[in-house]
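Right, one structure below, let's go through it.
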Amino acid sequence: MENTENARTLNFIEEIVEEDLRNGKNDGRIQTRFPPEPNGYIHIGHAKAICLDFGIARNYNGKCNLRFDDTNPVTEDVEYVDAIKEDIQWLGFQWAGEARYASDYFDQLFEWALLLVRKGKAYVDECSAEEISAHRGVPTQAGKESAYRNRPVEENLDLFMRMKNGEFPDGSKVLRAKIDMTSPNMHMRDPVLYRIKHAHHHRTGDKWCVYPMYDWAHGQSDYIEGITHSLCTLEFEVHRPLYDWCLDQIADGDYRPRQIEFARLNLNYTIMSKRKMLQLVNEGYVSSWDDPRMPTICGLRRRGYTPESILNFVETVGIAKRENIIEFTLLEHLVREDLNKKALRVMVVSNPVKVVLENYPEGQVEMMEAENNPEDESVGTRKIPFSRELFIERDDFLEDPPKKFFRLSPGNEVRLKNGYIIKCTGVDKDEQTGEIRQINCTYDPTTRSGLEGANRKVKATIHWVSANHALDVEVRLYERLFMVPDPDDVEEGKDWKSNLNPDSLKVIVAKAEPGLANAKPGEKYQFQRTGYFCVDTDSKPGKIIFNRTVTLKDDWAKILKQ
RNA sequence: UGCCCUGUAGUGUAAUUGGCAACACGUCUGUCUCUGGAUCAGAAGACUCUAGGUUCGAUUCCUAGCGGGGCAACCA
């Protein structure tokens, strides 16, 4: 019974893998790879691919390589290489051996291209990009062959070598595969294999001035690395015939890597395009790639998301081939679930109003004991100072409360978490504005937490901090970055940025229990009754900064809406 | 007027390969509680895109439609 509980059904890729294993394909070897292009930071969508690629390897006793797909030097940079490595490791994965680079294979790739030319399967085209594009035709109509398509092998060889030697300017020539200009698959209409770029490459420097295209580099790199299952997203589906064609040109034995496509991850209320993320950073809509509002891995990390929550998310979302848009609430649920087990509970008042306990001795301070996490006894307890003057949340008091309001109101009792039961006797208001300046209460000395008298039933428990002991902390309250589920859904003339939420960040100063003065960057807390918070990397001793990861579920807020 | 992929509760993923459509999130009730958190119990919600066909029986197989997505970078 318990076994079936754990036996998750296989996704379609695992089915293929197990089938291959049963058939003894590739001698039972499982080899995958995660192939990011180092032209941006990786995001939660990449996390899906990472979990798949590394997960398959892990579960089937295989290996997963990390391979940077760095065939386009003009958009790529080492800055991204380091960040990508860090993010993968933070998620809990480790690639086999050293990180690899498509650029490691440039010599081999070039040799194979030469082989293609000699076989009469590739030619140097001197048409302009525009002409090539025009000749390619449209999906519903066949293309036209280039005038250079049938030149002699020797001439192609000579020209290609001279391309490599830097004799021609950028864009003047390309090497194209000779396949079929009438193919219904556009990618088979003599795809470009090499282009001239006199560009500095972040690894190979100025060695090359011809660079392979994705289609020539990717499958061949897979082949070199002995990849068995080359997993990628749906948009590469139409490339697969070309992927296979390229491999067939250079492979001799039975072994071939197999490309399998799955649907990428989409999340509502967010964008998943590196281009758009870059724009948000460059135009100052967010502070950086690791801004806690970004769906990047580093952004989520800074926001307070745990690797476990992201892994669970990817697992829950599943792998299939149909387009999907996942609800953000699922991600939030999973981070709450994880943080509920791990986060230490503390009391922080974000919108304070003063409470004075009229019958509590002036100058007296009691140290109250508080559980650090009711879900985990092993993390123990701590002491919090209690005194005559306290801060509570302004929202926890209502002078004229509706029926279902259980918190503090005149004549009503409420429990102070880890403290006493108090009763409101009245309020002091600003004569001009009517704003409540101070709430007056009496406390019942017999109801201290842990004492017999504390067992009395009280409708609500609220959190508090001692006014004289409170620590001022900066709290960054984050909301979703976009106001609408689909940020790309805009009316004529507007662009996706018009859907940005102007209130996605609100910074406040809150009153925290004094022990938080020692909070360290990265630590995660639950502000009781409020939400989960993570100490920001900008935080320093003397200036503690918290990022709100996610709010707690709030039934009262729901009642208010009704 | 082409090719490829894909249609199962609001969302996502299943259905042991042809046997009463399940799970998670979300929604709604209620229970419990020194967090209106967590927990626990329960409910609603799906003509499985449509129409034919094969079959005792179809989400599953076949045919034809329809809807959604992708493909026309010297990007990946």
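On a predicted model such as this, the values are computed, not experimentally measured, just so you know. Throughout, a chain's letter reflects where its sequence line sits, starting with A, and its residues are numbered from 1.
Within a 6.0 Å sphere centred on CZ of R264(A), other residues, nucleotides and ligands contribute 12 heavy atoms or fewer. More than 12 non-hydrogen atoms from other residues, nucleotides or ligands lie less than 6.0 angstrom from CG of L451(A).
For U33(B), the OP1/OP2 oxygens have a side-chain nitrogen or oxygen of K457(A) closer than 4.0 Å.
Donor-acceptor pairing under 3.5 Å, judged by distance alone, is present between the side chain of E375(A) and the base of G37(B). Looking at R407(A), its side chain comes within 3.5 Å of the base of G36(B) through a donor and an acceptor atom. For A76(B), its base sits under 3.5 Å from the side chain of H239(A) at one donor and acceptor pair at least.
The side chain of K558(A) sits closest to C28(B) out of C28(B), U35(B), C4(B). Residue R345(A) places its side chain closer to U35(B) than to any other of G36(B), G10(B), U35(B).
Between V238(A) and T316(A), the residue anchored closer to the 5' end of RNA chain B is T316(A), taking for each the nucleotide with the nearest heavy atom. The residue among H187(A) and T447(A) whose nearest nucleotide of RNA chain B lies closer to the 5′ end is T447(A).
Across all strands shown, A454(A) has heavy atoms under 4.0 Å from base atoms, whether or not it also approaches the sugar-phosphate. Within 4.0 Å (heavy atoms only), A129(A) reaches at least one base atom of the nucleic acid. Residue-level contact check: C127(A) touches the bases, meaning some heavy atom is under 4.0 Å from a base atom.
Base pairing of C25(B): its partner is G10(B), meeting the Watson-Crick or G-U wobble criterion (both donor-acceptor distances under 3.5 Å).
Cation-pi geometry between K173(A) and F168(A) is met: the NZ or CZ atom falls under 6.0 Å from the ring centre, inside 45° of the normal.
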